[in-house]
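Reading through the structure tokens given below for one structure.
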2 protein chains.
Amino acid sequence: MVENRIATETDLKASQSAGTGTLGKSIAVLELVATSETPLRFTEILALSDQPRGTLHRQLSHLVEEGLLSMGGDLRYALGMRLLKLASNTWAKNQFRTVAEPHLKNLHEQTGETVHLGILHGQEIIYLDKVESRQAVRMNSQIGNASPVYCTGVGKAALSVLPEARLIDLVDRFSFQAYTPNTHLSAGSLLTELAVVRRVGHAFDREEHESGIRCVAAPVQAPRHGIVAGVSVTGPAYRVSMEQLEGWAVAVRKAAHEIEQDVEVRLGPGP
Amino acid sequence: MVENRIATETDLKASQSAGTGTLGKSIAVLELVATSETPLRFTEILALSDQPRGTLHRQLSHLVEEGLLSMGGDLRYALGMRLLKLASNTWAKNQFRTVAEPHLKNLHEQTGETVHLGILHGQEIIYLDKVESRQAVRMNSQIGNASPVYCTGVGKAALSVLPEARLIDLVDRFSFQAYTPNTHLSAGSLLTELAVVRRVGHAFDREEHESGIRCVAAPVQAPRHGIVAGVSVTGPAYRVSMEQLEGWAVAVRKAAHEIEQDVEVRLGPGP
DNA sequence: AATCGAGTTCCATATATCGGAATCTATAAA
DNA sequence: TTTATAGATTCCGATATATGGAACTCGATT
């Protein structure tokens with residue numbers, strides 16, 4: 001049942017979770033619960049998974065025992081508190097983030113708008129950090145948020161520095177969704193823009209993910225640490241014009257470059 | 001090797017992770033990495049765990065495959081981005097938090113100081129949400145942060161509503177640490193204070209966890225959902241006197257009570 | 001009473017994990 | 001260059017663990 005080979009780097013980056021092995025299947029179940037909007041009952045999970053009753057029940061029990069899931073008195077399963085605790089450690093101790101942090105603050109002071117640090121993980125960008133202008137809207141949820149690569153500034157910036165082979169491999173798997181009228185809907189148009197991004201060194205999000213939201217982003221690489229990421233400055237369209245973003249592009253690229261330098265210095269050159 | 005019995009509720013609340021079963025052992029390894037300040041190498045983890053080389057190596061490989069760990073080019077293991085993504089879902093979709101949120105904001109407006117919502121999980125309080133006064137210091141890390149129950153306001157408030165049996169069971173396992181000169185260092189002094197807390201309905205943190213930080217907290221229960229939690233108002237000692245906290249106690253208790261009511265109404269009365 | 005639906009438990013079987021030992025890979029010492 | 005050493009990785013038979021179909025329990029409904 002389990003493919004008997006070692007997962008290559010490409011595999012890891014491309015398919016988030018093989019779902020093989022005892023651990024993989026358990027995490028796949030966890031992911032099912034994570035994907036659902038509301039807490040699920042046993043039978044609902046059973047319908048979504050392709051596991052037999054007995055198997056699924058045991059898996060859920062184990063996940064609850066470990067605190068990765070919780071089951072309320074209503075017999076519904078929700079994600080467990082232990083995940084919050086683990087993620088808190090992930091965030092606080094992540095060295096890439098730690099090194100980047102001052103540069104994000106600096107970039108925020110130059111622009112006055114929200115700054116994001118996002119990292120490429122599989123087919124998605126996961127937001128690792130942000131510096132907000134004011135706490136207008138509660139955006140704590142932003143950290144850890146996963147967004148598609150193909151319609152975010154950070155995503156396109158990150159894609160622009162991938163080796164051709166890995167890029168094609170990834171893009172082939174995309175299933176494009178029209179989040180707004182401006183969202184890229186084909187590999188072709190995306191790749192065309194990426195050529196431009198590669199040339200100028202920064203990417204825009206022209207309200208492609210969320211109407212009324214624009215950003216400029218630049219790629220950040222730490223090849224020796226297996227990290228492909230991006231920094232961005234984001235703002236509402238009514239306040240931030242495309243010309244304004246153009247103006248910030250240099251600062252964003254500079255910040256991205258400084259992060260790369262700093263990672264090199266602080267985390268060592270690698271193997 | 002595995003105890004062949006079903007874990008009771010008490011077990012689950014008391015011992016965070018049995019570490020039994022394939023999943024349990026994997027998560028125990030994950031926890032080892034989470035506990036460390038810096039990324040660990042294989043041999044370091046080997047020394048900390050009591051697993052044989054081959055076994056540990058396979059476990060780590062699987063955790064990396066699933067994105068729960070990441071391994072840099074320097075062969076060091078760190079917590080993986082997938083944990084951030086899972087936690088983001090945990091936070092955003094947690095119904096208890098969602099219901100409590102407006103009450104926290106309300107409480108913040110009344111007091112002007114930082115408001116916390118923490119939930120009892122095993123021997124710790126895990127912070128589920130917060131509303132900050134100003135973004136003075138970066139405190140994003142707060143969410144998901146785990147603190148000892150016995151030296152936090154929210155912790156003592158939560159303990160005060162536990163059934164005697166479960167309380168004793170928990171307290172017996174504490175290993176008290178003097179975070180400040182004011183920290184409780186024995187079950188006796190803690191239980192004495194809890195009797196008071198039970199009577200008046202709120203608990204204080206008199207700089208017991210962190211010097212210069214005080215708070216008032218009140219317990220929040222959702223018994224039908226298996227939740228024991230607390231709300232608190234926290235402030236720096238130089239700005240917030242004990243008298244001030246006394247003054248806020250009523251509002252805190254009121255907020256706590258309203259959350260309980262709202263949970264009852266919005267999430268249903270339970271089974 | 002009897003039927004139904006949902007959750008839980010049981011146990012012979014299949015298989016993934018286990019773990020000691022061999023192998024590989026870099027780096028340092030002779 | 002050769003040898004030595006430490007660390008990471010792989011191998012494979014034995015064994016513990018997960019598997020999953022079927023039986024069981026418990027409430028609610030007819």
Side-chain angles (χ1 to χ4, degrees), chain A residues 1-9 12 17-30 32-33 39-66 68-78 224 226 268-271, chain B residues 1-9 12 18-30 32-33 39-66 69-78 224 226 268-271:
Chain A
M1 185 184 287
V2 175
E3 293 188 33
N4 190 16
R5 66 191 177 85
I6 301 307
T8 65
E9 192 192 42
L12 295 184
S17 156
T20 58
T22 303
L23 178 65
K25 291 177 206 163
S26 296
I27 303 300
V29 170
L30 190 63
L32 271 184
V33 178
L40 295 175
R41 304 198 59 163
F42 177 77
T43 316
E44 304 177 283
I45 304 175
L46 182 61
L48 292 171
S49 81
D50 50 358
Q51 306 277 5
R53 300 169 70 78
T55 302
L56 178 65
H57 189 268
R58 181 178 34 73
Q59 288 168 335
L60 288 169
S61 301
H62 284 164
L63 287 167
V64 170
E65 271 183 69
E66 293 302 324
L68 302 181
L69 284 183
S70 71
M71 185 179 54
D74 55 357
L75 302 184
R76 287 178 191 279
Y77 293 90
R224 306 195 182 259
Chain B
M1 184 182 289
V2 176
E3 291 188 35
N4 191 16
R5 65 189 177 88
I6 302 305
T8 65
E9 193 191 42
L12 296 184
T20 58
T22 304
L23 178 65
K25 290 177 207 165
S26 296
I27 303 299
V29 170
L30 190 63
L32 270 184
V33 178
L40 295 174
R41 305 198 56 166
F42 176 78
T43 317
E44 304 177 284
I45 303 176
L46 182 62
L48 292 171
S49 81
D50 50 359
Q51 306 277 0
R53 301 172 71 77
T55 301
L56 179 64
H57 190 269
R58 179 179 34 74
Q59 289 168 335
L60 288 169
S61 300
H62 285 165
L63 287 167
V64 170
E65 272 183 69
E66 293 302 323
L69 285 182
S70 70
M71 185 178 54
D74 54 358
L75 302 185
R76 288 178 189 277
Y77 293 90
R224 307 198 182 257

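The sequence lines fix the lettering, A, B, ..., with proteins before strands; numbering per chain opens at 1. Keep in mind that what you see is a predicted model, and the values were worked out from it rather than measured.
Counting non-hydrogen atoms under 4.0 angstrom, B:R53 reaches a base of the nucleic acid. B:T55 comes within 4.0 angstrom of a nucleotide base, judged by non-hydrogen atoms across all strands. Base contact: B:R58 has a heavy atom under 4.0 Å from a base atom.
Note that CD of A:Q59 is 11.0 Å distant from CG of A:L69, once rounded to the nearest 0.5 Å.
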CA sep, side-chain torsions, deciding dist, call: A:L48, A:L40, side-chain contact (heavy atoms from CB on, under 4.5 Å): CA-CA 10 Å; A:L48 292 171; A:L40 295 175; 3.9 Å; yes

side-chain contact (heavy atoms from CB on, under 4.5 Å) evaluation trace for B:L23 with A:T22: CA-CA 7 Å; B:L23 178 65; A:T22 303; 5.8 Å; no

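Rounded to whole Å, the distance from CG on A:L46 to P on D:dT19 is 14 Å. Protein atom NE2 of B:H57 is 15 Å distant from nucleotide atom C1' of C:dT17, rounded to whole Å. As a whole-Å value, the separation of A:Q59 CD from C:dT8 C1' is 15 Å. Between the P atom of D:dT25 and the CZ atom of A:F42 lies a distance of 18 Å, rounded to the nearest Å. Spacing between atom CG of A:L60 and atom P of D:dT19 amounts to 12 Å, rounded to whole angstrom units. Rounded to whole Å, atom P of D:dG7 lies 12 Å from atom CZ of B:R76. Between the CG atom of A:D50 and the P atom of D:dT19 there is a distance of 12 Å, given to the nearest Å. A:L75 has its CG atom 12 Å from the P atom of D:dG27, to the nearest Å.
Each of A:M71 and B:G54 has a nearest nucleotide on DNA chain C; the 5'-most of these lies closest to A:M71. Nucleotides of DNA chain C nearest to A:E44 and B:P52 differ in position, and the one nearer the 5' end is that of A:E44.
One finds no side-chain N or O of A:Q51 lying less than 4.0 angstrom from the OP1 or OP2 phosphate oxygen of D:dA18. OP1 or OP2 of C:dA16 has not a single side-chain nitrogen or oxygen of A:K25 nearer than 4.0 Å. Proximity of A:T22 to the phosphate of C:dT17: a side-chain N or O atom is located under 4.0 Å from OP1 or OP2.
Taking both residues in full, the closest heavy atoms of B:L46 and B:P52 are given as CD1-C, 4.2 Å, listed atom of the first, atom of the second, then distance. The shortest non-hydrogen separation linking A:V33 to A:Y77 is CG1-O, 3.7 Å.
Distance from the side chain of B:Y77 is smallest for D:dT9 among the nucleotides C:dA6, D:dT9, C:dT8.
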